[in-house]
Amino acid sequence: MSILDIRVLGDPALRKETAIVESVTDDIRALISDMFETMYAAEGIGLAAPQVGRTERVTVMDVGGAKYALINPEIMLSQGSIRGEEGCLSIPEVFGDIERASIVTVRALDETGQEIEVGGSELLARCLQHEIDHLHGKLFVDYLSVLKRRAALAKWEKIKADYPGYVRKVILEKRGAHHSEGEL
Ligand code: K2U
Ligand code: ZN
């Protein structure tokens, strides 16, 4: 298990189409495990393989405590539309309101290689769409209006200097860091 570096906006890895996973191997399961560890350390509720520089079509999520490892996920059904605020672990400190389907049904393989179907609304639906977009090189800022995207990218231009090489090092915050030694 290891915490991986997260690639940030500007890294071409975030714009690449991912490759279908032909067979769910131990290597894929190790990637899933590292992606969960990285996602939790970065305090995200989702993470897609391109965000850690990998080209496999794999994403992990933990929405309200429900954990998902989705391999080759596809949206089979999407209904309604709803606007909501999004951020992205690969575009720190940038947020924007975008429109998504309000309900989606996704088909994928799980980490055992079994076919599963995941349906969701609200935050789960939004996260599924956000992560599956990552697997096709799309980012939430692509959906902003011209003016809002210009403002978001201008803000990013000021922040990106903190991420040399388009890499965000994820540090695991010590649990209860504010407690002095000895306290539970
Ligand atoms: O893929 C990612 O970059 C993780 C995203 C996933 C996400 C974005 C927008 C809306 C839902 C999920 C986030 O940065 S995870 C951070 C977060 C935490 C709690 C609620 C929403 C977003
Ligand atoms: Zn994202």
Side-chain angles (χ1 to χ4, degrees), residues 3-18 21 31-75 78-106 108 111 118-145 148-149 151-153 155-156 159-160 162-163 166-173:
I3 294 177
L4 307 173
D5 291 341
I6 291 180
R7 308 301 173 87
V8 299
L9 188 60
D11 186 318
L14 290 174
R15 291 303 190 179
K16 287 204 175 79
E17 184 64 58
T18 49
V21 172
L31 170 61
I32 286 170
S33 167
D34 289 349
M35 286 174 67
F36 269 119
E37 190 174 3
T38 304
M39 179 188 78
Y40 289 125
E43 297 178 356
I45 58 171
L47 191 70
Q51 292 181 278
V52 291
R54 295 286 292 258
T55 58
E56 292 89 341
R57 193 162 297 175
V58 173
T59 184
V60 298
M61 300 171 14
D62 180 333
V63 182
K67 285 178 69 171
Y68 304 89
L70 302 177
I71 298 163
N72 305 332
E74 284 178 85
I75 295 179
S78 58
Q79 297 158 281
S81 75
I82 182 167
R83 289 184 72 78
E85 184 175 65
E86 298 200 9
C88 182
L89 295 177
S90 295
I91 319 176
E93 303 172 51
V94 171
F95 300 91
D97 264 8
I98 62 161
E99 193 152 325
R100 296 274 191 193
S102 40
I103 299 172
V104 293
T105 303
V106 168
E111 63 273 23
V118 178
S121 59
E122 301 186 9
L123 189 56
L124 177 55
R126 184 166 293 277
C127 193
L128 282 163
Q129 293 171 85
H130 181 108
E131 300 310 330
I132 291 171
D133 268 355
H134 270 300
L135 299 177
H136 301 289
K138 277 194 84 66
L139 301 172
F140 85 90
V141 292
D142 302 341
Y143 297 98
L144 294 174
S145 67
K148 292 229 170 89
R149 183 163 56 240
L153 297 181
K155 179 173 182 186
W156 174 246
I159 298 169
K160 73 179 197 181
D162 298 340
Y163 303 95
Y166 299 117
V167 165
R168 172 183 177 183
K169 293 258 173 233
V170 181
I171 315 294
L172 183 62
E173 298 296 320

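Just follow the structure's listing: the first ligand is 1, and inside any ligand the first atom is 1.
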Just to confirm my output: which protein heavy-atom neighbour is closest to atom 21 (C) of ligand 1, and how far is it? Ile45 CD1, 3.8 Å
If you count the atoms of ligand 1 from 1 in the order shown, which ones are under 4.0 Å from a heavy atom of Leu123? 11 (C)
Hey, what's the angle at the Zn ion (ligand 2) spanning NE2 (His134) and SG (Cys88), nearest 10 degrees? 100°
Identity and separation of the nearest protein heavy atom to atom 1 (O) of ligand 1: Glu131 OE2, 2.7 Å
Less than 4.5 Å apart, side chain to side chain, heavy atoms only: is that true for Ile32 and Val58? yes
side-chain contact (heavy atoms from CB on, under 4.5 Å) with Leu9: which of Ile159, Val94, Leu139? Leu139
Strictly under 4.0 Å, does any heavy atom of Gly87 approach an atom of ligand 1? yes
Need the ligand 1 atom indices (1-based, order shown) with element for anything under 4.0 Å from a heavy-atom of Gly46. 1 (O), 2 (C), 4 (C)
Are Arg168 and Asp5 close enough that some pair of their side-chain heavy atoms sits under 4.5 Å apart? no
Minimal non-hydrogen separation, Tyr163 against Glu93, with atom names: OH-OE2, 4.3 Å
Which of the ligand 1 atoms, numbered from 1, are nearer than 4.0 Å to a heavy atom of Cys88: 3 (O), 14 (O)
Using side-chain heavy atoms (C-beta onward) and a distance below 4.5 Å, is Arg149 in contact with Tyr143? no
Which of these, Met61, His130, Arg100, has its nearest heavy atom closest to atom 2 (C) of ligand 1? His130
Measure from atom 14 (O) of ligand 1 to every heavy atom in Leu139, Asp133, Leu89 and give the option owning the shortest one. Leu89
Any heavy atom of Gln51 sitting closer than 4.0 Å to ligand 1? yes
Within-cut-off N or O pair, Arg126 and ligand 1, under 3.5 Å: no
